[in-house]
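Beneath this line is the structure, given in structure tokens, with notes to follow.
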Amino acid sequence: MIEWREKNISDRHLLMLLSFFVGLFASLAAFILHSLIHFIQHLLTGKFDAHTFNWLYLVFPIVGIWLTSLFVKYVVKDNISHGITRILYAISSKQARIKGHNTWTSVIASSITIGFGGSVGAEAPIVLTGSAIGSRLGQLFRLDGKMLIVLVGCGASAAIAGIFKAPIAGLVFTLEVLMIDLSMASIMPILISSVTATCFTYIFVGNTNLFTFMLENPWDVQRVPANILLGVFCGLVSLYFIRSMSACEGLYARLKNHRYGKLFLGGIVLSSLIFIFPSLYGEGYSAINVLLGGNTEGDWSKVMAGSLFSGHENLLLVYVALVIAFKAMATASTNGAGGCGGTFAPSLFIGGFSGFLFSHFWNMHNIGITISEKNFTMLGMAGVMAGVMHAPLTGIFLIAELTGGYAMFMPLMIVSVSSVMTISLFEKHSIYAMRLAREGKLLTHHTDRSVLTLMNLESVVEHDYTSVSPDLPMGKLVGKISTSQTSFIPVLDNGGVLLGEIDVAKIRHIMFRTELYGRMLVSQIMTPVSGCVGENDPMEDIMKTFENTGANFLPVVDTNNVLQGFISRTRVYSLYRKMVADFSAD
């Protein structure tokens, strides 16, 4: 079958065909996940009294995280958290090869977590699922790494497009967040996947949308100051969310060897927060719809239903502000305790609440022209999401498509750009990219850096080398040199630790003085290595080491300085030039 395909269907046409199926399967996975989440939530909370608190909020989240952790430990047996970060890692370090189980495991794990109340989103698991589908289809048909990256992007764009019925948002999400450059070879497959996923989502769920929104007070230039201030506020909220998430994740990471300790701590924190603030239960989209659909204090106060604040309309802004403050802790506790979910929905949730808080406070204190709480709730969603992801275009187009038109295009641009500019003063990378950036494994739109990131150190390490011991006589050293293929002769002790090197060019003046063969040892003529690299060093650092030392060969050592092999300047630069040519080709 593969041979027939290679003879009759070109790689480019196959890519177009596969992108259609990626869109279909990604939309189907999204439909299944949301159906499971809604089924579990309705089963557990459908009969809750909205006018009083319910003690079961203290139980369900813990049970959900516990069931998820059991599923991951005994069935998945792999880490499936931080879905979008894992896609970025697969693109930069594994030639876009994503494990097969990711095509279904995230759907099950996140449906349990979110259905039982986990305060995370379903978007990241579906993005990982869609990308895994694209990767597996590409591997099945033996496509190269470059085409696998495009199919991974197809899966991600299809997931976003399908969930929100927003094909353009899916496209720009792939461009901004996954850092996949658009060329003539990639734009068509990604568009096909996005449109296909959107069409099938309409078939599966009809015309219903995640958010119910009616535009009020079309934008005019008088609202520019309010839009700019909202963008700055969203940028600061985004910064708080990222920093709080990082701090909480760091706390749970220190408990990695205490599985039940993490479950207990995270479960107690999460269930307590949900008991006090039921809006934190699950994705929280129903709470956003309350703010979008309301017109009066009584309407908006329904967001406090089932909480200790219920019936106290005067505490609405206090409740909203506290929900914003504790959402990051609830999200981090969900994942930290063993749940599965993403930060896409939490950023939209916090954004919606932040936009409402800003606009309602503005109107209460008569600051300038009156602004619409509904409009600013949607604008806040775009602002915080753009700030958290460092993706202004995604925020602009997602909300524009969700609102069913482009009447809010100008304020969306102002808010999103202001938010990203604000957070960029404090955080260089998005919440997804910052982990990989610390390890030097982040793919960017800078071609040279992207190529260096995609280069695999193991592929250029040479393990066939001649080594000598420090007590070897010079006469025997000359014999070793005559059989060596390189001018780099490492000097190792009995444990393989690198002590120095023999540079043939530096000992040429004494190499043929036979009277020294029995009198001099390697330890007397060896020199310190001009530079060495670690086996986990990023290629960008290795290239800098070559440049700084002027060496033709660099030894590769582990953390104990044991030699693992060496890399040749000639071989590295040859591979680099080839990859730049391939990367730049359409």
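One is the number of the first residue; the rest follow in order along the sequence.
- Between the side chain of S193 and the backbone N or O of G155 there is no donor-acceptor pair closer than 3.5 Å.
- Judged as a side chain to side chain contact (heavy atoms under 4.5 Å, CB included), and not counting sequence neighbours, the contacts of V59 are V63.
- Side-chain contact check for T45 and Y57: no donor-acceptor pair (N or O, by modelled atom type) lies under 3.5 Å.
- A pairwise comparison of heavy atoms in G23 and A158 identifies CA-CB, 3.8 Å as the closest pair.
- The minimum heavy-atom distance between S111 and I37, with the atom names listed, is CA-CG1, 3.8 Å.
- Aromatic ring pairs are classed by plane angle as parallel below 30°, tilted from 30° to 60° and perpendicular above 60°; the pair F71 and W104 is perpendicular.
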Fill in: Steps toward side chain to side chain contact (heavy atoms under 4.5 Å, CB included) verdict (S333, Y252)
CA-CA 8 Å; S333 296; Y252 288 106; 2.9 Å; yes
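- For A337, the side chain to side chain contact (heavy atoms under 4.5 Å, CB included) partners are I65, not counting sequence neighbours.
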Worksheet item: Can you list the steps and then say if L348 with Y285 is a side chain to side chain contact (heavy atoms under 4.5 Å, CB included)?
Response: CA-CA 9 Å; L348 287 176; Y285 288 161; 3.7 Å; yes
Practice prompt. For the pair L292 and T212, evaluate side chain to side chain contact (heavy atoms under 4.5 Å, CB included) and give the outcome as yes or no after the intermediate values.
Written response: CA-CA 7 Å; L292 290 173; T212 303; 5.9 Å; no
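- Between the T334 side chain and the S119 main chain, a donor and an acceptor come within less than 3.5 Å of each other.
- Residues satisfying the salt bridge (Lys or Arg N to Asp or Glu O under 4.0 Å) criterion with D78, sequence neighbours excluded, are K99.
- The closest donor-acceptor contact from the side chain of K262 to the backbone of G267 lies at 3.5 Å or more, if one exists at all.
- Looking at L18 and L143, their side chains come closer than 4.5 Å, going by heavy atoms from C-beta outward.
- Not one N or O on the side chain of S106 forms a donor-acceptor pair closer than 3.5 Å with the backbone of T103.
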Discussion item. Test side chain to side chain contact (heavy atoms under 4.5 Å, CB included) on S238 and S419; report intermediate values, then the result.
Written reply: CA-CA 8 Å; S238 303; S419 176; 4.0 Å; yes
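- Taking every heavy atom of both residues into account, A132 and I98 meet most closely at CB-CG2, 3.8 Å.
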Worksheet item: Do F31 and F204 pass the ring pair (Phe, Tyr, Trp, His ring centres under 6.0 Å) test, and can you show the C-alpha distance, the side-chain angles, and the key distance before you say yes or no?
Response: CA-CA 7 Å; F31 172 70; F204 294 145; 5.2 Å; yes
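- A donor-acceptor contact shorter than 3.5 Å links the side chain of S157 to the backbone of C154.
- N335 contributes no side-chain N or O that, together with a main-chain N or O of T343, makes up a donor-acceptor pair within less than 3.5 Å.
- With hydrogens and angles disregarded, no donor-acceptor distance shorter than 3.5 Å links the side chain of S307 to the backbone of F275.
- The minimum heavy-atom distance between S110 and V107, with the atom names listed, is OG-O, 3.5 Å.
- Between M389 and M385, the closest side-chain pair of non-hydrogen atoms falls below 4.5 Å.
- Between F326 and F277, the ring planes are parallel. Angles under 30° get that label, and only those over 60° would be called perpendicular.
- Here the side chains of M378 and L412 are not in contact, with every heavy-atom distance at 4.5 Å or above.
- Panel note: side chain H38, backbone H34; a donor-acceptor pair is recorded below 3.5 Å.
- In terms of the ring pair (Phe, Tyr, Trp, His ring centres under 6.0 Å) criterion, F20 has no residue partners (sequence neighbours excluded).
- Two residues are said to be in side-chain contact when any heavy atoms from C-beta on lie closer than 4.5 Å; F60 and S271 fail this criterion.
- S27 and T201 form no side-chain donor-acceptor contact under 3.5 Å, judged by distance and modelled atom types alone.
- Nearest heavy-atom pair across P278 and G306 is CG-O, 3.3 Å.
- Annotation: cation-pi geometry satisfied between K327 and F349 (NZ/CZ under 6.0 angstrom from ring centroid, within 45° of ring axis).
- Between V461 and Q564, the closest side-chain pair of non-hydrogen atoms is not below 4.5 Å.
- In this structure, E176 contributes its side chain and T394 its backbone to a donor-acceptor pair below 3.5 Å.
- Considering all non-hydrogen atoms of both residues, F353 and V320 come closest at O-CG1, 3.5 Å.
- M408 has its side chain within reach of F213: a pair of non-hydrogen atoms, C-beta onward, lies under 4.5 Å apart.
- Residues passing the side chain to side chain contact (heavy atoms under 4.5 Å, CB included) test with A156, sequence neighbours excluded: V127, S131, F173, T174, L178.
- Atom-to-atom distance recorded for L151:CG and I133:CD1 is 11.5 Å, nearest 0.5 angstrom.
- Within a 6.0 Å radius of NE2 in H42, other residues, nucleotides and ligands contribute 12 heavy atoms or fewer.
- Residues forming a side chain to side chain contact (heavy atoms under 4.5 Å, CB included) with S424 (at least two apart in sequence, or on another chain): H390, V420.
- In this structure the side chain of I350 never reaches within 4.5 angstrom of the side chain of M381, judged on heavy atoms.
- Residues L28 and F200 have side chains not in contact (no heavy-atom distance under 4.5 Å, counting atoms from C-beta outward).
- For the atom pair S279 OG and I324 CD1, the distance stands at 11.0 Å (nearest 0.5 Å).
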